[in-house]
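Numbering starts at 1 and runs along the sequence shown.
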Amino acid sequence: MVNKSDSSLPSGLQRIAIAFRIAGWLSFWTQLVLAVVSAVILLSASLSRDTGPNVQQSPGTGFGIVLAVSGLVTLGLGIYIAFRYTRISNRLLSANTTNRPRKADTIQILRLGLIVNLVGMLLTILGAQAIAGTLLLRSFALPQTGLGAAIYNPQQLIRPLDILVVQANTNTVAAHFAGLVASLFLLARINKN
């Protein structure tokens, strides 16, 4: 918790430390929850894919899932950086001034958080585009009959799990967005003081 009794710390430093603690924990838990949900969905989608010898796999889906998993791995780094923000908060509140991080080092960590979340968001968006494009092509390939759907190739069906993969990508983008917001907020707080 914040050392409320320590009046030797400048009030600006205390406000920045509180901002790092709150933004760090909010970003950490938001990213963690969304990452776990996305990981479970992507894992179940990967395990349920038909991999028989006569099954045609669309190349867009496989590439999209690889990019989605890459976005999740990058999100893991973003989660670590968000946790690191909470540790910076503790160091900022240290009574020993040699334990406090320098402003330049703190800004460097915030920039790293921005870069990690931007790269992760890019990877995830590219994965979502590949998967959504593949699903769109599958929907165009379905026969359009007025008497009902006569499916000639079951691989052309869009399964509910396919839509969940798109949702997993959306969750991952949202998690990266939460990391970006936290990093930008903290960067603004540091530059304000």
Side-chain angles (χ1 to χ4, degrees), residues 23-24 26-85 108-145 148-187:
L26 281 174
S27 176
F28 174 81
W29 285 110
T30 301
Q31 290 182 17
L32 184 64
V33 167
L34 290 170
V36 168
V37 170
S38 295
V40 167
I41 291 171
L42 287 175
L43 182 63
S44 63
S46 296
L47 293 176
S48 71
R49 286 177 52 148
D50 296 326
T51 57
N54 296 332
V55 175
Q56 284 184 330
Q57 294 293 331
S58 59
T61 303
F63 183 64
I65 289 179
V66 167
L67 286 171
V69 170
S70 299
L72 270 177
V73 170
T74 310
L75 184 56
L77 289 169
I79 292 169
Y80 169 73
I81 291 171
F83 180 74
R84 199 162 167 197
Y85 294 162
Q108 189 65 26
I109 292 169
L110 289 171
R111 286 183 180 152
L112 178 64
L114 287 170
I115 291 168
V116 164
N117 284 302
L118 280 172
V119 168
M121 189 178 274
L122 174 67
L123 291 170
T124 308
I125 288 171
L126 290 175
Q129 291 295 326
I131 292 168
T134 301
L135 294 178
L136 181 65
L137 289 176
R138 276 195 212 166
S139 72
F140 287 151
L142 289 175
Q144 303 295 321
T145 62
I151 303 299
Y152 300 110
N153 184 357
Q155 297 307 315
Q156 292 176 335
L157 288 175
I158 297 174
R159 302 172 303 165
L161 193 58
D162 295 330
I163 303 302
L164 281 175
V165 171
V166 174
Q167 179 63 44
N169 278 319
T170 305
N171 289 347
T172 306
V173 169
H176 282 296
F177 181 75
L180 283 172
V181 168
S183 296
L184 287 171
F185 169 75
L186 292 173
L187 196 57

Roughly how far, to the nearest 0.5 Å, is the OG atom of S27 from the CG atom of L186?
8.5 Å
Can you name the nearest heavy-atom pair linking V116 to T74, along with the distance?
O-CG2, 3.1 Å
Roughly how far, to the nearest 0.5 Å, is CZ of F28 from OH of Y80?
12.0 Å
Roughly how far, to the nearest 0.5 Å, is NE2 of H176 from CG of L123?
7.5 Å
Could you tell me whether the side chain of I79 reaches within less than 4.5 Å of the side chain of F83, counting heavy atoms only?
no
Step-by-step side chain to side chain contact (heavy atoms under 4.5 Å, CB included) determination, L72 to L75:
CA-CA 5 Å; L72 270 177; L75 184 56; 4.1 Å; yes
What's the shortest heavy-atom distance between T30 and A178, and which atoms?
CG2-CB, 3.8 Å
With rounding to the nearest 0.5 angstrom, report the CD to CD1 distance, Q167 to I163.
10.0 Å
Least distance between heavy atoms, S38 atom then N171 atom:
OG-CB, 3.1 Å
Rounded to the nearest 0.5 Å, what separates atom CD1 in I65 from atom CG in L42?
6.5 Å
Output the distance between atom CG (L114) and atom CG (L180), rounded to the nearest 0.5 Å.
6.0 Å
Just one of I41, L34, V40 clears the side-chain contact (heavy atoms from CB on, under 4.5 Å) bar with V37, so which one?
I41
Do the side chains of Y85 and L110 get nearer than 4.5 Å, heavy atoms only?
yes
Locate the shortest heavy-atom distance separating V173 from M121; write the atom from each residue and the value.
O-CE, 3.6 Å
